[in-house]
There are 2 protein chains.
Amino acid sequence: MAQNRTQTDHEVISELTTGRLSVYLRCLSYLESIHQETVSSAELADRFHLNSAQIRKDLACFGEFGTRGVGYNVSRLKEHLIRELGIDRPRNVVIAGAGNLGMALADYGGFNDNGFRIVALVDVDPAKIGRSSRSGIPVLAYSDLKQIVPEQNVEIGIIAVTADAAQEVYESFVGAGLTAILNFAPVQLRAHGQVKLKSVDLRINLELLSFYLKGIEDGTA
Amino acid sequence: MAQNRTQTDHEVISELTTGRLSVYLRCLSYLESIHQETVSSAELADRFHLNSAQIRKDLACFGEFGTRGVGYNVSRLKEHLIRELGIDRPRNVVIAGAGNLGMALADYGGFNDNGFRIVALVDVDPAKIGRSSRSGIPVLAYSDLKQIVPEQNVEIGIIAVTADAAQEVYESFVGAGLTAILNFAPVQLRAHGQVKLKSVDLRINLELLSFYLKGIEDGTA
DNA sequence: GCATGTGAATGGATTCACAGCT
DNA sequence: AGCTGTGAATCCATTCACATGC
């Protein structure tokens with residue numbers, strides 16, 4: 001079948017792997033700040049309760065980066081992951097919905113440094129337009145999305161509106177040319193094939209915990 | 001090996017399955033509001049781009065609930081899932097951190113109806129203590145956690161503080177008797193075995209999108 | 001000696017395909 | 001006929017175990 005390879009000449013990298021790379025990256029930044037020069041897969045493994053072979057496999061996805069008998073060079077590996085994840089140049093982001101959640105995301109530490117730049121929030125509420133978030137990100141008119149995206153070179157859209165408005169925002173994002181969207185509204189969006197959509201569902205996470213609690217209560221204590 | 005069964009007499013239900021049950025539940029609530037009486041696995045399947053066999057397997061985890069040739073009774077299945085997920089009685093929740101994110105979560109639509117009740121936010125900042133969220137959830141002193149949890153019968157804790165304070169909050173939560181914790185801080189927490197911990201990492205999700213964008217740029221267009 | 005990189009083995013989750021009920 | 005429930009088959013992810021190189 002030979003299928004369509006998503007990566008050029010390397011393996012197809014799964015989303016699970018990518019998520020872990022992201023986690024490793026954070027750890028490497030920390031190790032670098034501690035001036036640790038090298039790190040072994042075993043050391044990373046017990047930091048994250050993972051298997052060291054998995055880490056080696058993850059890191060070996062794109063070429064050989066460690067040295068046998070020694071481990072991985074922290075700075076070099078970090079730089080490499082940054083490039084591999086595509087955040088070696090800043091990605092511009094717009095957030096739809098300047099309510100509590102949108103504001104929280106706009107000011108969320110760790111977004112605006114290192115790879116992502118939130119250029120604006122957009123909202124339909126005239127009372128909010130023209131103001132800005134605590135950290136100074138402006139709230140613009142939702143209707144201006146089509147101008148903002150190309151002008152500011154925005155690539156990623158975040159949906160932080162209520163469930164009933166989410167689909168419409170999704171359509172506007174797609175219409176404005178965004179191809180990567182992160183959704184926080186608790187709905188199943190009808191998605192376009194060419195657009196990457198990730199959803200973060202707060203409610204599902206709470207229900208997972210509830211399920212766990214229930215398990216304690218009535219099953220295995 | 002026979003292992004430790006998490007469920008009493010049924011199968012062990014994985015987290016992936018539980019997450020989907022959660023999604024089905026939301027859909028069933030919608031269908032009920034539309035007065036649709038029955039639903040087939042095929043209908044649910046294309047709503048979520050899933051395989052119908054998977055849905056049947058998921059739903060068959062706990063006894064037979066459909067009728068062959070017909071499908072599933074919407075209301076009955078919904079009630080069943082609610083019981084199965086353990087939200088047939090309200091679960092009380094406390095949020096640590098009354099910043100943007102904590103406030104956003106406190107007022108997040110869909111938490112406070114149906115199964116979850118956020119009883120309070122806690123914070124160390126004296127300027128915030130005594131106030132309350134837009135929807136009226138009070139901000140109490142972080143130091144009172146040990147009283148609040150038993151008094152209000154809190155079961156779930158949400159960490160909505162900065163990365164550097166997260167581990168300490170985690171310890172306080174565990175110390176106060178919580179056994180299910182949802183973490184929004186971008187750190188790998190050192191976890192206690194007996195406590196269920198779920199982490200939602202905003203940054204990882206953005207990096208996933210960035211990786212996708214990068215793939216378009218330089219690999220397969 | 002020590003830690004990587006990787007085929008082979010295992011373990012889960014998803015999908016297929018069909019028997020069985022209504 | 002239609003749709004569920006489920007063993008069997010398939011696919012994907014993780015782990016093992018070891019050859020390879022520093």
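Just so it is clear, the values below take in all heavy atoms, side chains as well, and ignore hydrogens, waters and symmetry mates. Nothing here was measured: the structure is a model prediction, and the numbers come from that model.
Comparing Glu64(B) and Leu50(A) along DNA chain D, the residue whose closest nucleotide (by nearest heavy atom) sits nearer the 5' end is Glu64(B).
Computed from coordinates, the Phe62(A) CZ to dT6(C) P distance equals 13 Å when rounded to whole Å. What separates CG of Leu16(B) from P of dT15(C) is a distance of 12 Å, to the nearest Å. One interatomic measurement links the two molecules: CZ of Phe65(A) to C1' of dC22(D), which rounds to 17 Å at whole-angstrom precision. In this entry the distance linking CG of Asp46(A) with C1' of dA3(C) reads 15 Å, nearest Å. For Asp58(B) and dT14(C), the CG to P distance is 8 Å, given to the nearest whole Å. In this structure, CD1 of Ile55(B) is placed 14 Å from P of dC3(D), rounded to the nearest angstrom. Distance CG (Leu21(A)) to C1' (dA13(D)): 14 Å, rounded to an integer number of Å. Regarding Glu15(B), its CD atom lies at a distance of 17 Å from the P atom of dA13(D), rounded to whole Å.
Under 4.0 Å is where a charged nitrogen must lie from a carboxylate oxygen, and between Arg91(B) and Glu217(A) at least one such pair does. The existence of a salt bridge linking Arg47(A) and Glu43(A) is confirmed by a sub-4.0 Å separation between a basic side-chain nitrogen and an acidic carboxylate oxygen. Remark: Lys214(B) does not engage Glu207(B) in a salt bridge, criterion side-chain N to carboxylate O under 4.0 Å. Ion pairing between a basic and an acidic side chain is recognised when a charged N comes within 4.0 Å of a carboxylate O; Glu155(B) and Arg89(B) show such pairing.
Distances shown here put every side-chain N or O of Arg20(B) at or beyond 4.0 Å from the OP1 or OP2 atom of dA13(C). Considering only side-chain N and O atoms, Ser41(A) lies under 4.0 angstrom from the phosphate OP1 or OP2 of dT4(C). Within the structure, a side-chain polar atom (N or O) of Tyr72(B) is placed less than 4.0 Å from OP1 or OP2 of dG5(D).
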Problem - Sequence-aligned protein contact record of nucleotides 16-22 of chain C, with B where the base is within under 4.0 Å of a protein heavy atom and S where only the sugar-phosphate is - result: BB--BBS

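Between Thr17(A) and Cys61(A), the closest heavy-atom pair is CG2-SG, 4.2 Å.
His80(B) contributes atom NE2, which lies 14.5 Å from atom OG of Ser75(B) (distance to the nearest 0.5 angstrom).
Other residues, nucleotides and ligands contribute over 12 non-hydrogen atoms within 6.0 Å of the CD atom of Glu171(A).
Closest approach to the Ser14(B) side chain among dT6(D), dT15(D), dA13(C) is made by dA13(C) (side chain taken as heavy atoms from C-beta onward).
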